[in-house]
Amino acid sequence: MHPSPQPESAASFDPWSPVFVADPYPAYAALRATGRVHRFEPTDQWLVPHHADVSALLRDRRLGRTYLHRFTHEEFGRTPPPAAYEPFTTLNGQGLLDLEAPDHTRIRRLVSKAFTPRTVERLVPTVRRLAAELVDDFVEAGGGDLLTAVAEPLPVAVIAEMLGIPASDRAPLRPWSAAICGMFELNPSEETASAAVRASEEFSAYLRELIAERRRNPGADLISALIAAHDEGERLSEQEMVSTCVLLLNAGHEATVNTTVNGWWTLLRHPEQLAALRADHGLLPTAVEELLRYDTPLQMFERWVLDDIEIDGTVIPRGSEVALLFGSANRDPARFTDPETLDLSRRENPHVSFGAGIHFCLGAPLARVELAASFAELLRRAPGMRPAAEPEWNPGYVIRGLRELRVEL
């Protein structure tokens, strides 16, 4: 049983409450109104709700995704993870998202070659073709669950294609990813941890076999390119390669899946905005950005305090953890005009849904291509789409999305 938040400023912030997960935005407004930083005892974190602070701290080198490049667990005042979690902690700890310089710099430089504007531009026809095929099947079936029929298979297929994972091997990718991402929630249970450890072992073993196969028979895929870079002296260990591939798959579809489904649920509840988009598909680029802002799939991004920082007179000491509330920052009236209003034509939209600083999402250009492709196809082929049932939210708060979105045409 998770403890409920304590009174005072963080009183309405309850990430284990289904009511809060379904609509965290009133609680965010209360947090913003009562201060720039709030101590949250149940997770031993400092909550940061304002756009200006979130944006600044994402770029602040006194914070890090890890502290192990500078301190031991003991020096940092933290308990090491249980030995039983080792397969997960090794896999996660060697991925780009949880590394800091110099390792982060070295690996990101290699991987970023796969996400240059030119590379992503070359993927556009493939993404559009896949989106069209999925939507055709969806329309032929008369509708159904948008999540499993369109939102999920598109980004999984794209990132698996980039990595060179054969179509016949892709079925376990999403379940593995979901199990691993369960560990990013607040105070995960032992059951969640066991599932993440098992998925980490299975996913890692599969990728080691695939890497061995690509060493023997290189292809025109990202794994082969990473092997070639390693052979040319770029110093990418096999574990870093495995961790990078897992991160790319997890990050490369979790956010896109949830933005697609959350976005359509938002549109279906704002019929005037949806009608405007149906009337003018030219709104799509700003619409995608606005849907990312209005209901971001990543609600919270955590960072360790490596050197003391101060926010509005409150000193947050080294060894603390801050929770940057992306969902709150994206609705901050100090940064956005009418932030509670969905405006698909919004021009100035500095949302933080892709992060900022050295951990800015590498795959943001590809995510935008995927979202534009699937939204365009559904607008074109399913103009009368409407909800068939009231959806339920997954229990997770950090990565927030619907269990399913059943629609009829």
Side-chain angles (χ1 to χ4, degrees), residues 24-25 28 49-52 54-56 58-59 115-117 120-121 123-124 127-128 131 146 150-151 154-155 158 251-301 324-357 359-380 399-402 405:
Y25 297 102
Y28 291 155
H50 288 264
H51 186 283
V54 168
S55 187
L58 283 168
R59 297 170 170 85
F115 294 96
T116 62
V120 171
E121 193 60 38
L123 285 169
V124 169
V127 173
R128 286 180 178 162
L146 193 64
V150 178
L154 176 62
V158 172
H253 80 275
E254 285 289 345
T256 313
V257 170
N258 289 327
T259 300
T260 303
V261 180
N262 298 5
W264 271 106
W265 179 231
T266 295
L267 288 172
L268 293 167
R269 285 176 300 141
H270 292 81
E272 289 177 12
Q273 288 291 299
L274 179 53
L277 185 57
R278 282 176 170 154
D280 179 9
H281 293 189
L283 275 176
L284 256 177
T286 55
V288 164
E289 299 305 313
E290 178 67 345
L291 293 170
L292 280 161
R293 179 197 73 84
Y294 190 80
D295 206 13
T296 178
L298 182 64
Q299 289 285 317
M300 172 192 284
F301 193 66
L324 308 178
L325 301 181
F326 282 14
S328 176
N330 284 347
R331 298 272 191 111
D332 187 347
R335 192 64 189 87
F336 298 94
T337 305
D338 297 326
E340 301 297 327
T341 300
L342 181 74
D343 176 7
L344 300 184
S345 62
R346 190 183 293 271
R347 287 285 164 195
E348 199 205 355
N349 197 343
H351 65 75
V352 292
S353 298
F354 288 124
H359 289 291
F360 180 80
C361 177
L362 252 182
L366 180 58
R368 287 179 166 117
V369 166
E370 292 170 348
L371 291 165
S374 70
F375 275 95
E377 283 299 321
L378 284 162
L379 288 165
R380 189 174 64 83
I399 300 172
R400 180 172 163 275
L402 297 170
L405 182 57

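In this structure, Leu291 CG and Asn349 CG are separated by 10.0 Å, a value rounded to the nearest 0.5 Å. The structure places OG1 of Thr296 at 8.5 Å from CZ of Phe354, a figure rounded to the nearest 0.5 Å. Between Asn262 atom CG and Leu405 atom CG the span is 9.0 Å, to the nearest 0.5 Å. A distance of 11.5 Å separates NE2 in His253 from CG in Leu154, rounded to the nearest 0.5 Å. Interatomic distance, Asp295 CG to Leu342 CG, rounded to the nearest 0.5 Å: 10.0 Å.
Of all the heavy atoms in Val257 and Pro155, the pair that sits closest is CG2-CG, 3.9 Å. Minimum interatomic distance between Ser328 and Pro49 (heavy atoms only, all atoms of both residues): OG-O, 2.7 Å. Scanning both residues, Ala367 and Thr256, for their nearest heavy atoms gives CB-OG1, 3.9 Å. Smallest separation of non-hydrogen atoms from Val150 and Ser374: CG1-CB, 4.3 Å. Of all heavy-atom pairs spanning Phe115 and Leu366, the tightest one is CE2-CD2, 4.0 Å.
Test Leu277, Leu283, Leu284 against Asp280 for side chain to side chain contact (heavy atoms under 4.5 Å, CB included) and you get one pass: Leu283.
No side-chain heavy atom of Ile399 sits under 4.5 Å from any side-chain heavy atom of Pro297. Within the 4.5 Å cutoff, side-chain heavy atoms of Leu146 are placed close to those of Leu378. Side-chain contact between Val124 and Val127: absent, with no pair of heavy atoms (C-beta onward) separated by less than 4.5 Å. Counting only heavy atoms from C-beta outward, the side chains of Leu325 and His50 never approach each other to under 4.5 Å. Side-chain contact between Phe360 and Leu58 is absent, with no heavy-atom pair separated by less than 4.5 Å. Side chains of Tyr294 and His270 form a contact here, defined as non-hydrogen atoms less than 4.5 Å apart. Contact annotation: the side chain of Glu290 never approaches that of Gln273 to less than 4.5 Å [non-hydrogen atoms, C-beta and beyond]. Within the 4.5 Å cutoff, no side-chain heavy atoms of Ser55 are placed close to those of Arg335.
Of the possible polar contacts, none joining the Arg380 side chain to the Ala376 backbone as a donor-acceptor pair under 3.5 Å is found. With hydrogens and angles disregarded, a donor-acceptor distance shorter than 3.5 Å links the side chain of Arg346 to the backbone of Thr337. Judged by distance alone, the side chain of Thr286 and the main-chain N or O of Leu344 form a donor-acceptor pair under 3.5 Å. Under a 3.5 Å cut-off, the side chain of Thr260 and the backbone N or O of Ala151 do not form any donor-acceptor pair.
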Inset, instruction - Check the pair Val158 / Glu370 against side-chain contact (heavy atoms from CB on, under 4.5 Å), numbers first and verdict last. - result: CA-CA 9 Å; Val158 172; Glu370 292 170 348; 3.3 Å; yes
Legend entry - Worked verdict on Leu292 versus Val288 for side-chain contact (heavy atoms from CB on, under 4.5 Å): CA-CA 6 Å; Leu292 280 161; Val288 164; 4.1 Å; yes
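Cation-pi geometry between Arg331 and Tyr28 is not satisfied (NZ or CZ under 6.0 Å from the ring centre, within 45° of the ring normal).
Phe336 and His51 have their aromatic ring centers within a separation under 6.0 angstrom.
Side chains of Ser345 and Asp343: a donor on one and an acceptor on the other come within 3.5 Å. Side-chain atoms of Asn330 and Ser353 form a donor-acceptor pair, as typed in the model, at a separation below 3.5 Å.
Checked for salt-bridge contact, Glu289 and Arg368 meet the test: a charged N lies under 4.0 Å from a carboxylate O.
Annotation for Glu340: atom CD counts as buried by contact number, over 12 foreign heavy atoms lying within 6.0 Å. Annotation for Arg128: atom CZ does not count as buried by contact number, only 12 or fewer foreign heavy atoms lying within 6.0 Å.
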